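Quick notes on the structure that follows.
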There are 2 protein chains.
Amino acid sequence: MPGFIGREQHSVDEKGRLLIPARFRRKFLLQEDNSGTGAPSRSPALYVFKADDGSLELYEPSVWNEKEQQLLKLSDFNPDERLLTTMIYARLDQTELDRSGRIALSREMLDHAGIVKDAVIIGANAKMVVWEPLRLETLLSDNAGRFAPLANRYI
Amino acid sequence: MPGFIGREQHSVDEKGRLLIPARFRRKFLLQEDNSGTGAPSRSPALYVFKADDGSLELYEPSVWNEKEQQLLKLSDFNPDERLLTTMIYARLDQTELDRSGRIALSREMLDHAGIVKDAVIIGANAKMVVWEPLRLETLLSDNAGRFAPLANRYI
DNA sequence: CATAAATTCCCCACTTTTTCCCACTTTCCC
DNA sequence: GGGAAAGTGGGAAAAAGTGGGGAATTTATG
């Protein structure tokens with residue numbers, strides 16, 4: 001129950017580093033550090049997943065692990081289930097926050113999202129979603145007229 | 001059951017701070033602070049949503065969370081449902097009241113509503129709606145003739 | 001296998017933004 | 001009118017964000 005909410009834009013430097021907004025960091029540093037020792041939580045990790053819509057999804061370990069429970073139920077010997085498992089792990093990566101609260105995104109991840117210089121991070125409750133700013137803008141404006149109908153249908 | 005009712009106009013300062021009228025504040029400080037301890041309620045939060053009509057909607061956590069239940073049912077892997085989720089979280093932000101009862105609105109939020117110096121806050125029962133004064137005035141006068149027909153149809 | 005090149009990691013320094021707090025003015029209410 | 005609450009503005013301290021240097025590690029290459 002992280003509850004990431006809000007939208008921010010930050011730059012990605014030449015080293016591929018992307019800052020996780022402080023307000024998001026607080027959300028999971030808080031719950032990572034339930035060691036009771038009060039010691040600084042060692043190395044907050046994040047799972048990075050290439051989404052179909054051209055964005056990147058960032059998950060806390062606890063949230064990803066919960067999703068992963070579904071995967072573990074799949075059989076290695078059912079072709080479809082095996083394929084799905086392969087597809088998912090092929091798109092998955094893991095990264096850690098550095099001392100400044102940044103993560104290093106690999107070249108493939110950045111390419112997948114089309115990120116060059118800037119990135120938008122959207123809090124989507126359980127996860128964070130990373131977009132190339134223009135790509136997100138285009139998606140939203142191209143589909144602006146669909147918001148009301150969709151909202152009307154689904155919520 | 002917040003029951004915000006009334007209309008007020010307040011200034012937005014250079015730091016983007018907007019005062020939540022005292023009578024609205026009382027509504028939800030009351031129900032936030034059901035800790036029983038009588039201690040000052042820590043950090044009253046508000047969700048801010050960019051509405052389609054060029055206004056900003058302010059929700060109390062309890063009210064927004066109820067809406068969010070609908071969102072949580074949507075699938076990440078159904079394109080329409082995913083798009084809707086993206087559209088909503090891309091327009092959503094979260095903010096807290098400072099000690100003076102103000103919220104800090106981000107630049108994007110202010111731009112969305114066209115707010116420069118002043119803002120009108122309308123209590124609309126479950127939520128508060130924030131308008132740039134002239135924009136609201138224009139909307140109302142441009143559609144004055146439609147009030148009776150609409151009211152006739154729906155209420 | 002050794003050396004060079006590249007990448008990663010760790011840290012520091014600077015700039016900008018946010019937060020916190022205080023003070024003043026206006027309005028409301030008895 | 002006097003006191004309290006509400007509303008407004010701004011200064012200073014703290015935090016967040018950004019960039020980059022240099023050591024260490026990994027990867028390429030002769």
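Here the structure is a predicted model, which is why all the values come from computation and not from measurement. Lettering follows sequence order; numbering is per chain, from 1.
By the side chain to side chain donor-acceptor pair (under 3.5 Å) test, A:D13 is found to be paired with A:R17, residues two or more places apart in sequence or in another chain being considered. Evaluation of the side-chain contact (heavy atoms from CB on, under 4.5 Å) rule for B:E57 yields B:F49, B:A51, B:Y59, B:K127 as partners, not counting sequence neighbours. By the side-chain contact (heavy atoms from CB on, under 4.5 Å) test, A:S75 is found to be paired with A:F77, A:N78, A:E81, residues two or more places apart in sequence or in another chain being considered. For A:D53, the side chain to side chain donor-acceptor pair (under 3.5 Å) criterion is met by A:S55, B:R82, not counting sequence neighbours. Residues forming a side chain to side chain donor-acceptor pair (under 3.5 Å) with B:H10 (at least two apart in sequence, or on another chain): B:E8. Checked against side-chain contact (heavy atoms from CB on, under 4.5 Å), A:R146 has the following partners two or more places apart in sequence or in another chain: A:N143, A:L150, B:D80, B:L83. Qualifying side-chain contact (heavy atoms from CB on, under 4.5 Å) partners for A:Q9, counting only residues two or more places apart in sequence or in other chains: A:D118, A:V120, A:P133. Applying the ring pair (Phe, Tyr, Trp, His ring centres under 6.0 Å) rule to B:Y89 yields no partners; only residues at least two apart in sequence or on another chain are considered. Residues satisfying the side chain to side chain donor-acceptor pair (under 3.5 Å) criterion with B:N65, sequence neighbours excluded, are absent altogether.
A residue-by-residue look at B:R23 and A:L19 shows that B:R23 has its nearest nucleotide of DNA chain D further toward the 5' end.
Contacts of A:E8 with the nucleic acid, taken as non-hydrogen atoms under 4.0 Å apart, involve only primed sugar atoms and P, OP1 or OP2.
Not a single donor-acceptor pair under 3.5 Å links the side chain of B:R102 to the backbone N or O of B:L18.
Terminal axes of the helix from C:dC1-D:dG30 to C:dC30-D:dG1 (five pairs each, C1' rotation axis) are separated by 30°, to the nearest 10°.
Extent of DNA chain D lying under 4.0 Å from chain A heavy atoms, first and last nucleotide in 5' to 3' order, is D:dA16 to D:dG22.
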* Structure fact -> Given protein heavy atoms under 4.0 Å, the one-letter contact record of nucleotides 14-30 of chain C, with B base, S sugar-phosphate only and - none, is simply -----BBBB--------
